[in-house]
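Here the structure is laid out as structure tokens; the discussion comes afterwards.
Just the heavy atoms: all of them, side chains too, but no hydrogens, waters or symmetry mates, feed the values below. Just so it is clear, the structure is predicted and the values come from calculations on it, not from any experiment.
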Amino acid sequence: MPEFDDAEISDIITQLQGDFRDLHQQLADQRELYFNKNEIELGVDYKGFQRHRSQILRTSFLDLKAVMTQNQAVIRGTPPRRTSVMDSIVSRGETVLNAGMEIVQLRQGYNIQDALSTFQIIDGVAVLGAWDARYIWPEVPPPLTLGYEPGSDERDNFMRDGTAWVETPSSQRGRHRFDKARSGYPWMLQVIDPQQACWKFDVSLQEGPAVFAHIRDIPLLDYGQQLQANAHDKHRVSINQADKSIRIYTLRGTTSGEVGGAYQDTITLCSFWTRDYWYECISGSGKTGGGKWEIVKKLKHDYNRVPFEVIPAIDTYDSKLTRRYESPLRALYEMKPVFDRQMTLTGIVVEETAIPLTYLRQAAEGIAPDEAANLEVHLAQRSLSKVKMLPPGVTLEQARPQMSSAMPQFLQFLSQELDKAAPQVGIGEVSAATQPWTLRLTIQERARLKNALVYNQVTGLQAIIRHQVHVM
């Protein structure tokens, strides 16, 4: 793929953001439902009544995630031929890759399989990225020089060079290998928030998307504005200004509401990848999705692919992105607002029945004008004990709502439909009369969804592992 300039990068990123705008909004709406932050419209003013918030999304998520993460993934290799040498090579590779995955997870503070499961269930799609991090390896150390003859335990590591003793190349390489091992696994693995990602697939013999953009708002330090005012520091942004060991593309994004304290502003950062190049672009200050993009860094990489894998939950292969990546909770997302609204209305009827609303009713002959001013006070009373005296010609009435017998039946129907829409996991109901084969078939039936989601995870992880092996 050819190298891009600022204008071409701006056009491509803007087009990607437009293509993914509806999907990102759908993901935001689903998260509002999951965290019970959605509004419940009742059509009338019931400000004093508590809205019902069903917890079925959270319980279904926890049940499905528990069965998906109960067995941690282990990397296994298959040798091209079953020989002792090949088996030994594959075994060493398995050890390195499994240990490396564990080191990466401890270093980054979260479990990759757990994070992938979370995004698969809630959003319907997860994104896993892997970057070569060999920059953490130290450089080859200079050879040691001794001004005296080494002892018997060190003699094999030194050779005479005139009047001095110089470290041998083999010893120097051994120290370098030890220093590299102590530095840690030379890879960065990160599960990307799908709301911060855009990608485009093509028809190719190579794996993964053709292009990928990771767009997020990065907080700037207090003195970031002053640094940007300096022409020499024009492109020095984020916390990377304070610590060069922190790469800007590893910083996690934030939202405008989370910026505070030591951060005065944000800048929109895009890590744009093709199969041949990596670009770091910035756009304005806190203007995600708008403005022109400026390339501040670019690098030709040797990955031969985009280092990201898109891992769907349920892939419908629809041409429209909002219909292609489907969450296993999709049916609950559609039914929960209806159920919450009906439960809220029913709760209002029950409360109005238990504590009826009282109002004043004027008799036919009317009341004196000076007494009419007191009616507003009486209308606001909900308790009979608070009304001490009524004006002449006025009676106190109670508004008792009528609950139709169809209402409980409708709620029962909605509750049953909600239970059917929830993902079926676990072993189901078991009693003393349950036969062993019935239980086994039930477990297998309920494990189909879990197996499909885990299979997509395994496929994505395999591609990332192949990518690591190819680069290493």
Side-chain angles (χ1 to χ4, degrees), residues 1-25 27 125 127-132 135 188 190 192-218 220 224 227-228 231-238 240 247-254 265-310 319-322 324-325 463 467 470-471:
M1 189 170 289
E3 188 174 353
F4 297 129
D5 57 22
D6 287 354
E8 293 170 326
I9 283 287
S10 291
D11 291 342
I12 295 174
I13 296 177
T14 302
Q15 181 181 351
L16 285 174
Q17 288 178 309
D19 294 342
F20 275 76
R21 185 173 292 110
D22 291 342
L23 177 60
H24 289 167
Q25 183 59 51
L27 299 183
V125 61
V127 180
L128 178 62
W131 305 276
D132 182 7
Y135 60 82
M188 291 288 297
Q190 185 178 356
I192 305 297
D193 186 343
Q195 279 193 287
Q196 299 176 346
C198 305
W199 57 85
K200 182 72 70 176
F201 285 95
D202 65 348
V203 179
S204 173
L205 298 177
Q206 296 168 304
E207 290 185 329
V211 294
F212 188 94
H214 182 200
I215 307 170
R216 67 274 194 206
D217 289 340
I218 298 296
L220 302 179
L227 287 175
Q228 288 184 352
H232 298 290
D233 297 320
K234 180 179 179 181
H235 301 317
R236 293 172 61 189
V237 296
S238 86
N240 170 262
R247 302 302 172 107
I248 190 170
Y249 55 80
T250 66
L251 296 179
R252 298 178 183 176
T254 183
D265 206 346
T266 62
I267 195 163
T268 304
L269 174 71
C270 175
S271 296
F272 184 80
W273 293 82
T274 69
R275 292 192 175 103
D276 301 307
Y277 289 92
W278 164 75
Y279 304 86
E280 190 172 272
C281 312
I282 58 173
S283 173
S285 181
K287 297 180 180 178
T288 303
K292 296 296 183 180
W293 292 91
E294 178 184 1
I295 299 174
V296 295
K297 295 178 186 177
K298 63 181 176 181
L299 176 69
K300 183 173 176 60
H301 61 76
D302 57 355
Y303 294 168
N304 201 33
R305 60 158 293 162
V306 170
F308 292 90
E309 273 297 313
V310 178
S319 58
K320 190 174 179 59
L321 287 173
T322 53
R324 176 169 184 177
Y325 303 110
H467 163 54
H470 169 77
V471 175

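- A side-chain donor-acceptor contact under 3.5 Å links Tyr279 to the backbone of Phe4.
- Scanning both residues, Cys281 and Ile295, for their nearest heavy atoms gives SG-CG1, 4.0 Å.
- Taking all atoms of both residues into account, the shortest heavy-atom contact from His301 to Arg305 is CE1-O, 3.4 Å.
- Atom OG1 of Thr14 and atom CG of Asp19 lie 11.0 Å apart (nearest 0.5 Å).
- Closest of all the heavy-atom pairs between Trp273 and Pro307 is CE3-CD, 3.4 Å.
- For the atom pair OG1 (Thr322) and CZ (Arg21), the distance works out to 13.5 Å, reported to the nearest 0.5 Å.
- Although no hydrogens or angles enter the test, the distance criterion places no donor-acceptor pair under 3.5 Å between the side chain of Gln15 and the main chain of Ile12.
- Judged by distance alone, with hydrogens and angles left aside, the side-chain atoms of Ser271 form no donor-acceptor pair with the main-chain N or O of Glu280 at under 3.5 Å.
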Using the rule given for salt bridge (Lys or Arg N to Asp or Glu O under 4.0 Å), can you reason through Arg216 versus Asp193, listing the C-alpha separation, both sets of side-chain angles and the distance that settles it, and then say yes or no?
CA-CA 10 Å; Arg216 67 274 194 206; Asp193 186 343; over 6 Å; no
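- Smallest separation of non-hydrogen atoms from Val125 and Pro194: O-CG, 3.2 Å.
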Can you list the steps and then say if Tyr277 with Glu3 is a side-chain contact (heavy atoms from CB on, under 4.5 Å)?
CA-CA 7 Å; Tyr277 289 92; Glu3 188 174 353; 3.8 Å; yes
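- Counting only distance, with no hydrogens or angles, the side chain of Ser10 and the backbone of Trp293 share a donor-acceptor pair below 3.5 Å.
- Between Trp199 and Phe20, the closest side-chain pair of non-hydrogen atoms falls below 4.5 Å.
- Between Trp278 and Phe212, the ring centre distance reaches or exceeds 6.0 Å.
- For the side-chain hydrogen bond (donor to acceptor under 3.5 Å, both in side chains) test with Asn304, the passing option among Arg275, Glu207, Gln206 is Gln206; the others fail.
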Mind running side-chain contact (heavy atoms from CB on, under 4.5 Å) on Asp5 and Glu8 for me, showing each step along the way?
CA-CA 5 Å; Asp5 57 22; Glu8 293 170 326; 3.2 Å; yes
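- With hydrogens and angles disregarded, no donor-acceptor distance shorter than 3.5 Å links the side chain of Asp6 to the backbone of Glu294.
- Between Leu321 and Leu23, the shortest heavy-atom distance links the atoms O-CD1, 3.8 Å.
- Put simply, CD1 on Ile9 and SG on Cys270 are 7.5 Å apart, with the number rounded to the nearest 0.5 Å.
- Taking both residues in full, the closest heavy atoms of Glu309 and Gly208 are given as OE2-CA, 4.0 Å, listed atom of the first, atom of the second, then distance.
- Judged by distance alone, the side chain of His24 and the main-chain N or O of Ala197 form a donor-acceptor pair under 3.5 Å.
- Taking the six-membered ring wherever Trp is involved, the centroid distance between the rings of Tyr303 and Trp131 does not fall below 6.0 Å.
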